[in-house]
> 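Structure below; questions to follow.
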Amino acid sequence: MDLADLSSNWKKLQATFKKSDVAKSSSKLTNQNGLKRKREQSKATITKPSLLPRKKLRRTRTMAQGGTAAKATVPIQDLEKSDNGGRPRPADRASSDKVNDGLSTSIEIGKYVAIDCEMVGVGPHPERESALARVSIVNYNGDQVYDSYVLPQETVTDWRTFVSGVEPKHMKYARSFQEAQADVAKIMQGRVLIGHHISHDLNALKLSHPQRDIRDTARHTPYKRIHGGSGYPRLKLLASELLGFEIQEGEHSSIEDARACMLLFRRDKAAFEREHAKRWPTRPARPPNPPGDTENQEQASSPKKKKKKKKSKR
């Protein structure tokens, strides 16, 4: 075979290979570009249907509730036992307070109530003599249970408006002292009463309450240490240092002060109860006599007779 013919045939075969390679590479590139375009189109068109309904649902709920999320209501008895509920700040409840509304018929009272009173100056020495002019009570959740202006029994010589917030115009709608006293006594009966220097409030109401059922935030030992251990801390100081908000800025609000007392009690409830148990330990109940034990029953019912000592004869 002639070498010249061989070389020419070889060159033709190489040229054919090159054309086929170029065609394959171009078709491959076209396929890759088409695949990329398909992927980009699919990404653009794919949506997350699971997220869209949730967002719409949240918007719908928020609009239906006036822009606030609904909170599950917890029975107050469960809240008093577990104390897992929220602790509302006084400022958060101010809008719902109904001044001089008397006894609320829609609020559950529960076991614990906090009380605070506002006083005015009476008599020739109004800086020393006080009379009740307003009383407020809240429950364990801080809800207003009772609020009323009270007609003082003595002649008012200093309204102390800059502190008490009470003005002569409020007396137009005030309840009599006897009516307010009866309402408060009924609320307090059988419940644990919480307050700050609570003896002042009880004296103004001319009421008494079992010491066993009183929790005084002014006398709580851990809170007294904030004041240096001597004397009693002011409610304003405790609210600022322990609760993180200011009260009694100018005129006082007895509802706000009662709510602050309840929050202070809830903040350290376990320590309050331990301290209380040391002062008032529970007495173990005497087991009842078994049925048919008439001898022990007679001994229990009849008073014990003292045994007379026999005189020895000399």
Side-chain angles (χ1 to χ4, degrees), residues 90 93-110 112-139 142-210 213-214 216-218 234-236 247-262:
R93 292 297 183 88
S95 59
S96 62
D97 294 340
K98 298 178 181 178
V99 178
N100 201 41
D101 197 44
L103 180 62
S104 175
T105 56
S106 60
I107 299 299
E108 191 176 1
I109 300 177
Y112 299 91
V113 291
I115 189 171
D116 187 77
C117 297
E118 298 295 342
M119 273 71 111
V120 292
V122 295
H125 303 287
E127 69 281 358
R128 297 199 302 261
E129 299 179 24
S130 301
L132 179 68
R134 186 183 178 188
V135 55
S136 303
I137 298 175
V138 299
N139 66 4
D143 299 321
Q144 177 184 322
V145 172
Y146 185 83
D147 182 68
S148 177
Y149 288 116
V150 183
L151 279 168
Q153 293 182 303
E154 300 87 350
T155 303
V156 179
T157 51
D158 185 0
W159 290 96
R160 303 176 187 169
T161 305
F162 68 99
V163 175
S164 67
V166 180
E167 300 179 42
K169 64 180 182 181
H170 295 146
M171 296 300 105
K172 183 178 179 180
Y173 308 100
R175 293 169 179 80
S176 67
F177 177 85
Q178 290 77 11
E179 183 181 356
Q181 184 190 51
D183 291 340
V184 173
K186 186 177 180 180
I187 295 170
M188 289 183 353
Q189 188 175 7
R191 292 186 169 92
V192 176
L193 190 63
I194 296 146
H196 195 77
H197 286 304
I198 202 166
S199 58
H200 295 167
D201 301 308
L202 292 174
N203 289 338
L205 285 158
K206 298 181 181 179
L207 291 172
S208 61
H209 199 66
D213 296 331
I214 288 178
D216 197 328
T217 54
R234 294 175 59 196
L235 181 61
K236 178 180 173 67
I247 61 172
Q248 300 177 354
E249 295 289 314
E251 297 178 3
H252 295 196
S253 166
S254 50
I255 299 178
E256 185 181 66
D257 291 353
R259 195 170 284 138
C261 288
M262 182 59 79

> Decide yes or no for Ile115 and Leu205: does some side-chain heavy atom of the first lie under 4.5 Å from some side-chain heavy atom of the second?
yes

> Does any non-hydrogen side-chain atom of Val120 lie less than 4.5 Å from one of Met171?
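Contact flag for Met171/Val120 side chains = no.
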
> For Lys236 and His196, run side-chain contact (heavy atoms from CB on, under 4.5 Å): C-alpha distance rounded to whole Å, both residues' side-chain angles, the deciding distance at 0.1 Å, then the answer.
CA-CA 11 Å; Lys236 178 180 173 67; His196 195 77; over 6 Å; no

> Is the NZ or CZ atom of Lys186 both under 6.0 Å from the centre of the six-membered ring of Tyr146 and within 45° of that ring's axis?
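No cation-pi geometry.
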
> Does Asp147 offer a backbone N or O that forms a donor-acceptor pair with the side chain of Ser136 under 3.5 Å?
no

> Can you tell me how far OG of Ser199 sits from CG of Asp216, rounded to the nearest 0.5 angstrom?
7.0 Å

> Against Val99, only a single residue in His170, Arg134, Gln144 fulfils side chain to side chain contact (heavy atoms under 4.5 Å, CB included); can you say which?
Arg134

> Looking at Asp183 and Leu103, would you say the former's side chain and the latter's main chain have a donor-acceptor pair under 3.5 Å?
no

> Which heavy-atom pair separates Cys117 from Val135 by the least distance, and what is that distance?
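Closest heavy-atom pair between Cys117 and Val135: SG-CG2, 3.8 Å.
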
> Can you name the closest pair of heavy atoms from Ser148 and Asn100 and give their distance?
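Result for this residue pair: CA-OD1, 3.5 Å.
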
> Could you state the interatomic distance from CZ (Arg160) to OG (Ser130), rounded to the nearest 0.5 Å?
3.5 Å

> When rounded to the nearest 0.5 angstrom, what is the spacing between CG in Asp116 and CZ in Arg259?
11.5 Å

> If the test is side chain to side chain contact (heavy atoms under 4.5 Å, CB included), which one of Val138, Ile255, Ile109 qualifies with Val145?
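It is Ile109, the one option of Val138, Ile255, Ile109 that forms the side chain to side chain contact (heavy atoms under 4.5 Å, CB included) with Val145.
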
> Under 3.5 Å, side chain of Asn139 to main-chain N/O of Ile107, donor-acceptor pair present?
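Checked: no pair found.
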
> How many angstroms lie between atom CD of Glu251 and atom CD of Glu118, to the nearest 0.5 angstrom?
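Glu251 atom CD to Glu118 atom CD measures 10.0 Å (nearest 0.5 Å).
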
> For atom CZ of Arg175, decide whether the heavy atoms of other residues, nucleotides or ligands shown that lie under 6.0 angstrom number more than 12.
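Yes.
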
